[in-house]
Novice: 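I'd like to ask some things about the structure below.
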Amino acid sequence: MTFIQQQRDTRRGRRALVAGSVGNLIEWYEFGVYGYFATIIAARFFTPEGGSEAEALVKTYASFALAFFFRPVGAALFGRLGDRIGRRPVLVLVITLMTVATTLIGALPTYAQAGALAPWLLTFLRVLQGLSAGGEFGGAVSVMTEFTPPGRRGLYGSWQSFTVALGLLAGAGAAALLATVLTAEQLGAWGWRLPFLLTLPLGLGALWLRLRLEETPAFVAERSERTPPPREREVVRAVVLGAGRIMGWAAAGYTFLVVLPSYLQSSLGATFQQALVATVLADLGFAVTIVPAGLLSDRLGRRTVMVSGAVLVVVLAVPLLNLLQEPGVSNTVKGVAVCGAGAVVGLLAGPGPAMLSEMFPTRVRCTGLGLAYALSNAVFSGCAGLIITETIERTGSVDVPAYYAAAACALSVPALLTLPSARRAGAPKAGMERAG
């Protein structure tokens with residue numbers, strides 16, 4: 001390969017990295033904003049006269065979970081399209097759908113204005129978001145890893161997770177800024193709409209980047225070779241195994257990075273501003289470790305890094321939450337603790353996209369890795385807020401979030417141990433990965 005060709009491939013890879021990850025940033029920005037404003041959304045859309053705040057919050061998280069359960073549908077629909085017609089057109093389609101749905105949430109009438117229609121409209125838009133998000137992950141990770149130089153798949157794939165952190169930080173930053181410059185009355189009346197409306201210019205920028213994107217070399221080569229598809233049974237097995245491998249990442253990530261603000265307010269009596277500061281610190285810790293974890297997984301193997309992260313969550317989840325509940329502990333110590341919690345999740349999220357990508361050949365990669373990710377997130381992320389809030393309400397135990405994250409990570413360890421001990425970048429050579 002000539003030097004000029006190498007430079008051209010490097011530029012294409014970087015362009016794919018940006019175009020692939022920008023949609024993911026917008027997706028998680030929106031999901032973060034929805035989580036951070038959950039208590040306000042509950043009051044505006046799910047609290048008819050006489051309804052309790054706890055009941056409204058549960059309904060808000062039910063809408064949150066519903067969007068996640070449409071992710072597998074979106075992963076199957078858009079993943080199949082991505083494997084048949086190409087990664088680029090699907091990424092253009094899903095970013096358009098996500099941008100329109102999120103922007104419209106910011107313009108919806110509330111329960112006081114539209115009555116029972118308001119929560120149904122919100123839920124419908126959440127469904128559209130779930131469909132588009134389901135197609136986003138498979139297409140974006142396929143693009144990012146299929147342009148990857150040899151031996152760098154963990155590093156390139158980690159940028160998908162890094163944009164999760166950036167999206168959550170952007171959402172938390174927008175919420176914190178609004179909470180600072182607006183009064184509580186202004187924030188509840190109209191201020192909460194602004195972060196959703198901001199998605200429109202962000203989405204248009206992402207659409208422009210994706211329209212300039214080239215199709216991946218792996219997809220072009222596969223179409224010309226017309227390789228036979230793997231057996232359906234093998235694909236289903238790989239999807240289930242992949243979902244099991246990332247269930248700890250899904251549960252711990254949403255518990256510590258998204259559900260945390262509402263938990264601190266509803267269970268520990270924190271103010272909205274205090275909860276957001278804690279969330280920003282957790283997101284910062286998460287962001288700091290993602291890319292190094294992906295790079296480390298290229299050298300040590302996906303199994304070593306991801307098992308370490310899962311075990312650390314199991315060991316540290318309960319002590320961490322107990323530390324936050326202790327009134328005598330300084331805010332500085334608590335800040336370090338939540339930052340550390342986010343950092344541990346980064347050990348799972350950094351190698352995760354590359355690990356999933358390596359489980360599926362090009363012919364079914366969009367569909368397979370998208371379904372594995374969507375199914376795991378539907379169960380263990382989308383339901384996190386609903387399960388945690390309802391269980392705390394019924395049991396009175398404020399340790400529920402720690403038990404939830406630790407249990408999911410403990411269950412994911414056996415699946416992670418089926419990974420090869422030293423995984424280098426590269427797709428499986430013979431059809432599907434045969435673990436164990």
Side-chain angles (χ1 to χ4, degrees), residues 25-64 67 99 101-115 117-119 121-123 125-126 129 166-203 254 257-284 331 335 338 385-386 388-389:
L25 186 152
I26 294 172
E27 172 198 338
W28 286 85
Y29 161 81
E30 185 281 329
F31 273 94
V33 165
Y34 191 90
Y36 304 145
F37 285 108
T39 52
I40 294 177
I41 291 173
R44 295 294 173 270
F45 286 90
F46 295 98
T47 311
E49 206 166 312
S52 70
E53 290 185 8
E55 178 187 356
L57 192 58
V58 167
K59 290 179 179 178
T60 304
Y61 278 129
S63 174
F64 197 77
T99 300
T102 304
T103 303
L104 287 176
I105 286 179
L108 279 182
T110 63
Y111 197 99
Q113 297 164 329
L117 181 63
L121 289 174
L122 176 62
T123 301
L125 293 177
R126 296 293 297 168
Q129 287 177 320
L166 292 183
L168 291 173
L169 279 170
L177 178 63
L178 289 171
T180 301
V181 301
L182 300 178
T183 65
E185 290 75 19
Q186 291 172 326
L187 191 64
W190 54 267
W192 64 271
R193 297 181 182 275
L194 299 180
F196 293 99
L197 297 174
L198 181 61
T199 304
L200 181 58
L202 293 175
Y254 252 77
L257 304 176
V258 177
V259 175
L260 184 64
S262 296
Y263 165 77
L264 291 175
Q265 293 174 77
S266 61
S267 299
L268 301 186
T271 65
F272 184 63
Q273 289 84 351
Q274 289 172 333
L276 281 175
V277 168
T279 306
V280 168
L281 290 173
D283 289 338
L284 284 173
N331 288 334
V338 295
L386 182 62
I388 290 170
T389 304

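All residue numbers in this chain count up from 1 along the given sequence.
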Novice: Among residues at least two apart in sequence or on other chains, which ones pass side chain to side chain donor-acceptor pair (under 3.5 Å) with E30?
Specialist: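 Result, side chain to side chain donor-acceptor pair (under 3.5 Å) vs E30: R126, Q129.
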Novice: Grab the two heavy atoms, one from R193 and one from T110, that are nearest each other, plus how far apart they are.
Specialist: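 Reported closest heavy-atom pair: NH2-CG2, 3.6 Å.
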Novice: List the residues meeting side-chain contact (heavy atoms from CB on, under 4.5 Å) with L178, not counting sequence neighbours, and say none if there are none.
Specialist: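 Applying side-chain contact (heavy atoms from CB on, under 4.5 Å) to L178 gives F37, L182, L187, L194, P195.
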Novice: For the CG atom of L122 and the CG atom of L104, what is their distance to the nearest 0.5 Å?
Specialist: 11.5 Å
Novice: Looking at F45 and Y111, what are the two nearest heavy atoms and their distance?
Specialist: O-CD1, 3.5 Å
Novice: If we only count heavy atoms from C-beta on, is the Y29 to L198 side-chain gap below 4.5 Å?
Specialist: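 A side-chain contact under 4.5 Å exists here.
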Novice: Could you report the tightest heavy-atom contact between L108 and L121, atom names first, then the distance?
Specialist: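 Looking at all heavy atoms of both residues, the closest pair is CD2-CB, 3.8 Å.
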Novice: Write down the atom of T102, the atom of T199, and the distance for their closest heavy-atom approach.
Specialist: CG2-OG1, 3.1 Å
Novice: From L200 CG over to T103 OG1, what is the distance, rounded to the nearest 0.5 angstrom?
Specialist: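 One gets 4.5 Å once the value is rounded to the nearest 0.5 Å.
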Novice: Residues in side-chain contact (heavy atoms from CB on, under 4.5 Å) with T180, at least two apart?
Specialist: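 In terms of side-chain contact (heavy atoms from CB on, under 4.5 Å), with neighbours along the sequence ignored, T180 is linked to no residue.
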Novice: With rounding to the nearest 0.5 Å, note down the distance linking CH2 in W192 to CD1 in I40.
Specialist: 9.5 Å
